[in-house]
Number of protein chains: 2
Amino acid sequence: MAEREVDRSVSQTVKAQLALRDQILSGSLRPGERISELQAVETTGASRTPVRMALVRLEEEGLLEAIPSGGFMVKAFSERDISDSIELRGTLEGLAARFAAERGVSARELEPLKECLAAIDELLRQVPISIEAFSSYVTLNARFHALLTELSRSPPLIRQIDRASALPFASPSGFVMAQSALPEAQQILIIGQEHHRVVIDAIENREGARAEAVMREHARLAVRNLRLALRNRTHLDLLPALALIKTATD
Amino acid sequence: MAEREVDRSVSQTVKAQLALRDQILSGSLRPGERISELQAVETTGASRTPVRMALVRLEEEGLLEAIPSGGFMVKAFSERDISDSIELRGTLEGLAARFAAERGVSARELEPLKECLAAIDELLRQVPISIEAFSSYVTLNARFHALLTELSRSPPLIRQIDRASALPFASPSGFVMAQSALPEAQQILIIGQEHHRVVIDAIENREGARAEAVMREHARLAVRNLRLALRNRTHLDLLPALALIKTATD
DNA sequence: TGAATACGTTATGTATACAATAGCGCAGGA
DNA sequence: TCCTGCGCTATTGTATACATAACGTATTCA
């Protein structure tokens, strides 16, 4: 084993996967670029076997693409790929909300959702919102969506939503952060928050169709959000995640 | 390498993955059962590295579950897991149909769909339908759904639908075959075929909402189909795929 | 007699060695 | 000068050896 430094607290495979995902999402590896196993071995500190396992997982996750002649490359996404992914995720979340409403949810289970809601309300009170508050917003928003998904009590659906979230749009921080300087930004967040409020209400009142509809509308808002961000490319240096978008004309 | 037989026509990893999936779907490996790497090495003929890669892929595919202490086991599904998966897939297919309708599809692209439709019509003409005809139906139906998915022109959506189809309900042969002896079977197939006809019509007329709605209804039909099959367990010996369902009460 | 601990066996996680293929460059001939 | 073919190199795919952790069993002590 020589002098290789080994961190035994987590498995090498997981370590390599996290490291590589970081490299991809941070833009160290550009879209279309081929990932060299040897290079990955050096940057991650794991050996080739766990690195290869990590590569396979990242491919399944949708961040990498297998090259027919062997090896993997960083996947490149068009703007439409990403907006489709957002709508796709919204559709699944809509289903989750409907399941939650139809199957019934106890008041106790809704508690954490409401706490999230209140915390976000608090953040949005400042106008204009600070970068730090934005950062908290992103975390809380992700938490809200995760909790909502859980309410569906449907493991296959939860799993599928997780996978859909693995796509780059799942790091919404990029889009939101990009717009912190835009006038429309705050307005969009406020509308989104209203959606959150409505979906909880619909679930409480067991109105499945309404719960589903509002989540789909929520996704359409996110698509508008994305378009807005992309029309204001000057802010995009804040967006490492968006590095995944093809530079091509699409 | 010794005397190990190596088939160089396909990669060992793919070979192992196919072999293992077969074993799972055919019921050779029962739900909840731990998969031994060593045993898999013997049955697949590949060595441990490709076997492990195959296991990782099958886990991502949803057929296996990682055991915290290490290794993998065959995932077990409840009846609700499967019906949820069907509805989930239907929801995604609905989105695909809507995309197709909204984005427009040329008559030439619809041609293969219509051929499928006609071929299925031909099969359903026999009453009662033979086992062989059922088998053809299953193939054609899968083809129809795959073609429809393609029409969305959305790679992320197509990808996600593929993954949703990897779940056991994706081998619809089981459910359908099981009912070949049931009186309601043929009726269900005929209704399903009507759905196929409507979705094509909706796409041709660019009615996105209608296209989406009919695919979701189609999925609900499939759920009823599943329930029906499960209520008539006597026919289930035809169903290796259903071996995946937990024997538990759930 | 039962429970707990220690040891051994077995299986997984990791590392590395070996094999094969694909891509690239150079050289030679047309 | 360009095209083609051969060979080398670099990188992936596969196999296996080694390390480590978990589980089961047996033995001993209470």
Side-chain angles (χ1 to χ4, degrees), chain A residues 1-21 23-24 28-61 63-75, chain B residues 1-21 23-24 28-61 63-75:
Chain A
M1 197 178 76
E3 78 292 284
R4 185 189 291 278
E5 293 269 344
V6 177
D7 176 4
R8 301 224 167 279
S9 62
V10 295
S11 87
Q12 298 294 306
T13 302
V14 170
K15 194 179 75 174
Q17 188 176 354
L18 293 176
L20 286 171
R21 185 168 23 210
Q23 289 180 34
I24 296 168
S28 306
L29 297 165
R30 308 201 69 82
E33 187 175 341
R34 181 177 193 139
I35 287 194
S36 155
E37 278 185 14
L38 229 50
Q39 186 185 325
V41 162
E42 284 176 12
T43 59
T44 63
S47 76
R48 277 189 63 209
T49 304
V51 161
R52 282 178 66 76
M53 305 247 300
L55 291 173
V56 168
R57 290 200 136 93
L58 289 168
E59 183 207 355
E60 299 288 336
E61 209 169 289
L63 288 176
L64 297 181
E65 196 171 355
I67 299 173
S69 66
F72 299 92
M73 54 177 270
V74 180
K75 207 157 168 178
Chain B
M1 194 177 80
E3 79 291 282
R4 183 189 292 280
E5 293 270 344
V6 178
D7 176 4
R8 301 224 167 279
S9 63
V10 294
S11 86
Q12 297 296 100
T13 302
V14 170
K15 193 179 76 175
Q17 187 175 355
L18 293 176
L20 286 172
R21 185 171 17 214
Q23 289 181 35
I24 297 168
S28 307
L29 297 165
R30 307 199 70 80
E33 187 174 343
R34 183 181 193 137
I35 287 195
S36 153
E37 278 186 14
L38 228 52
Q39 186 186 325
V41 162
E42 283 175 12
T43 59
T44 63
S47 76
R48 276 190 63 208
T49 304
V51 161
R52 282 178 67 75
M53 305 251 296
L55 291 174
V56 168
R57 289 201 135 92
L58 289 168
E59 183 206 354
E60 301 287 336
E61 209 169 288
L63 288 176
L64 297 181
E65 196 170 354
I67 300 173
S69 65
F72 299 91
M73 54 177 270
V74 180
K75 208 157 168 177

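Proteins come first, then strands; the chains are lettered A, B, ... in the order of their sequence lines, and each starts at number 1.
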Problem - Heavy-atom closest pair, residues Leu64(A) and Val74(A) - result: CD2-CA, 3.8 Å
Handout entry: Between dT11(D) (P) and Glu42(A) (CD): distance, integer Å
Key = 10 Å
Practice task
State which of dT12(D), dG13(C), dA15(D) makes the closest approach to the side chain of Ser36(A).
Solution key: dT12(D)
Handout entry: Any Lys15(B) side-chain heavy atom under 4.5 Å of Thr44(B) side chain
Key = no
Completion exercise
When rounded to whole Å, the CD to C1' distance for the pair Gln12(B) and dT21(C) reads 15 Å
Fill in the blank from the handout: In whole angstroms, the gap separating P of dG13(C) from CD1 of Ile67(B) amounts to 9 Å
Problem - Any Arg52(A) side-chain nitrogen or oxygen under 4.0 Å from OP1 or OP2 of dT12(D) - result: no
Problem - Touch class at under 4.0 angstrom, heavy-atom based, for Ile35(A) against every strand present - result: sugar-phosphate
Handout entry: Whole-Å gap separating P (dT11(D)) and CE (Met73(A))
Key = 18 Å
Handout entry: Given DNA chain D, 5'-ward residue of the pair Arg34(B) and Met53(B), judged by closest heavy atom
Key = Met53(B)
Completion exercise
Atom CG of Leu38(A) and atom P of dA15(C) are separated, to the nearest Å, by 14 Å
Exercise for the section: Check the distance between dA15(C)'s C1' and Glu37(A)'s CD and give it to me in whole angstrom. Expected result: 13 Å
Exercise for the section: Answer yes or no: is there a side-chain heavy-atom contact under 4.5 Å between Glu60(A) and Glu59(B)? Expected result: no
Handout entry: Residue pair Thr13(B) / Arg57(B), side-chain heavy-atom distance below 4.5 Å
Key = yes
Problem - Student check: side-chain heavy atoms of Leu63(B) and Leu20(B) closer than 4.5 Å - result: no
Problem - Atom pair distance, as rounded to whole Å: CD in Gln39(B) and C1' in dT12(C) - result: 15 Å
Problem - Distance in angstrom units between Leu55(B) CG and dG13(C) C1', rounded - result: 13 Å
Exercise for the section: Assign Thr49(A) to base, sugar-phosphate, or nothing according to its heavy-atom contacts below 4.0 angstrom with the strands shown. Expected result: base
Practice task
Check every atom of dA22(C), dT12(C), dT14(D) against the side chain of Ser69(A) and return the nucleotide holding the closest atom.
Solution key: dA22(C)
Handout entry: Nucleotide nearest Ser11(B) (side chain, heavy atoms from C-beta), chosen from dT14(C), dT12(C), dT14(D)
Key = dT14(D)
